[in-house]
Amino acid sequence: MATSLAYPSPGAKQGNVTSMPSFKPVAALTRGLDVLRIVNELRDASVAALHRETGLDKATIVRMLETLEHEGYVTRNPSNSGYVATGRTLQLSRGYDLHHRIGLLCEPILTEFRQAIGWPSDVALFDHDAMIVVQTSRETGPLFFNRRPGFRAPILETSIGRAYLAFCADSERERILARLRPRTDPANALASDPQRLEALLSDVRARGFACMDDSYSDREYSGQLWAMAVPVRDEQGILATLNIMMLRSAVSPEAAQERFLDMLITNANRLAHVLRHASWG
């Protein structure tokens, strides 16, 4: 049985029933989940670092951390004043393995693609408010940067996110942006600048591919890397996105477009065929 890989969004119709939230979100739970997520991302998070990332006051952060510590999800690093995630956090993902199954389907195509062009690629799915990398052909070395499958990438700054946003349905795009607009972190600033964002997405659609934002490259890769991505889609809609990661010093955007864009699109089409016809039992 073929499956769509899109994730249900709040308010999405299911059959003839529209699923709507019954209550406002619980603010304390939302804040606690944000703190846990960032501890997990930073791997060793101080109260000051969490304050910078979340904007929450330090007293609130301390209460959240002490609650998470009491429940066994974080623990203090004995060598400093930071907090680290514990193995118990793995229990939170036991019920979710779609990205693992999709990653296995993508792996042979990504391996062939890397052998053909010499640069690594990622396949990513949209997941609520970010892109989740489900498979990568990055190997240990200068282009690895710890971006393993399961890494969540921001939508508005990455090539994989911009490619998805440019080519998804208008209604889905508006739901995504509505989810991102209230967030004050710089990664989501474009959500509150509709004219600039639409100009960027129109350019992506005209060229057929998206590029990583320079500010993201500077922040995450010290400006060494850049990426271009295309949608993985067919006549039924968009399923995922596929990128190529390259060193700025080795490949310019102009050279990459000339040398790799056709192959990137070809392999995205191969992925679309495999994913659309996958059987999930």
Side-chain angles (χ1 to χ4, degrees), residues 102-103 106-126 130-168 186-187 190 196-197 199-233 238-275:
I102 294 173
C106 298
E107 186 173 9
I109 294 175
L110 288 192
T111 299
E112 290 178 19
F113 191 30
R114 172 149 193 174
Q115 290 171 348
I117 67 173
W119 297 103
S121 295
D122 303 318
V123 175
L125 301 179
F126 170 68
M131 300 300 294
I132 182 170
V133 173
V134 296
Q135 190 54 274
T136 180
S137 60
R138 306 187 203 199
E139 301 166 352
T140 301
L143 295 184
F144 187 68
F145 283 93
N146 293 320
R147 295 303 189 252
R148 297 176 176 87
F151 173 73
R152 290 173 63 81
I155 293 174
L156 295 173
E157 292 188 318
T158 60
S159 62
I160 50 179
R162 289 176 170 183
Y164 190 90
L165 201 61
F167 290 98
C168 68
L190 269 175
R196 182 179 166 217
L197 178 60
L200 186 152
L201 297 179
S202 294
D203 184 61
V204 170
R205 287 188 284 266
R207 295 192 299 172
F209 67 95
C211 290
M212 177 189 294
D213 193 87
D214 288 345
S215 64
Y216 185 78
S217 176
D218 291 341
R219 186 171 68 249
E220 297 294 323
Y221 304 113
S222 300
Q224 298 177 54
L225 303 185
W226 74 283
M228 62 188 299
V230 298
V232 175
R233 59 176 178 159
I238 187 167
L239 298 163
T241 54
L242 172 68
N243 74 2
I244 308 174
M245 298 287 296
M246 293 161 281
L247 285 169
R248 286 186 183 276
S249 59
V251 186
S252 68
E254 295 76 19
Q257 183 176 356
E258 181 178 347
R259 292 164 55 190
F260 302 137
L261 181 57
D262 287 346
M263 286 188 286
L264 185 61
I265 293 171
T266 296
N267 281 279
N269 291 337
R270 292 176 65 196
L271 286 168
H273 178 80
V274 168
L275 297 179

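In this chain, residues are counted from 1 in sequence order.
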Under 4.5 Å between any side-chain heavy atoms of [X] and [Y], yes or no?
X      : Y      : result
Val230 : Phe167 : no
Arg114 : Trp119 : no
Thr158 : Tyr216 : yes
Cys106 : Leu271 : yes
Ser215 : Glu157 : yes

Is it true that a side-chain atom of [X] and a backbone atom of [Y] form a donor plus acceptor pair closer than 3.5 Å?
X      : Y      : answer
Asn267 : Met263 : yes
Trp226 : Val251 : yes
Ser121 : Ser137 : no
Arg162 : Leu156 : yes
Ser217 : Leu225 : yes

Can you tell me how far apart [atom1] ([X]) and [atom2] ([Y]) are? Round to the nearest 0.5 Å.
X      : Y      : atom1 : atom2 : value
Leu165 : Leu201 : CG    : CG    : 5.0 Å
Ser159 : Met228 : OG    : CE    : 9.0 Å
Arg259 : Ile117 : CZ    : CD1   : 9.0 Å
Leu200 : Arg205 : CG    : CZ    : 9.5 Å
Ile265 : Arg233 : CD1   : CZ    : 9.0 Å
Leu275 : Arg270 : CG    : CZ    : 12.0 Å

Grab the two heavy atoms, one from Ala163 and one from Pro231, that are nearest each other, plus how far apart they are.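 Residues Ala163 and Pro231, closest heavy atoms: CB-N, 4.2 Å.
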
Residue pair Ala166 / Val204: nearest heavy atoms and the distance that separates them: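 Taking every non-hydrogen atom into account, CB-CG1, 3.6 Å.
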
Hey, is CZ on Arg196 packed in by over 12 heavy atoms from elsewhere, all under 6.0 Å?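 No, the 6.0 Å shell around CZ holds no more than 12 heavy atoms from other groups.
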
Run the numbers on Ile238 and Tyr164 for side-chain contact (heavy atoms from CB on, under 4.5 Å), then give the verdict. CA-CA 7 Å; Ile238 187 167; Tyr164 190 90; 3.6 Å; yes

State which residues pass side chain to side chain contact (heavy atoms under 4.5 Å, CB included) with Gln257; sequence neighbours excluded, sorted by chain then number.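 Once residues adjacent in sequence are excluded, the partners of Gln257 under the side chain to side chain contact (heavy atoms under 4.5 Å, CB included) criterion are Phe209, Leu261.
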
According to side chain to side chain contact (heavy atoms under 4.5 Å, CB included), who are the partners of Thr266, at least two apart in sequence or on a separate chain?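 Checked Thr266 against side chain to side chain contact (heavy atoms under 4.5 Å, CB included); zero matches.
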
Ion pair Asp213/Arg219, N-O distance below 4.0 Å: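 The answer is no: the pair does not qualify as a salt bridge.
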
With a cut-off of 3.5 Å and sequence neighbours excluded, list every side-chain donor-acceptor pair involving residues 239-247.
| residue | atom | partner | partner atom | Å |
| --- | --- | --- | --- | --- |
| Thr241 | OG1 | Ile160 | O | 3.2 |
| Asn243 | OD1 | Asp122 | N | 2.6 |
| Asn243 | ND2 | Asp122 | OD2 | 3.3 |

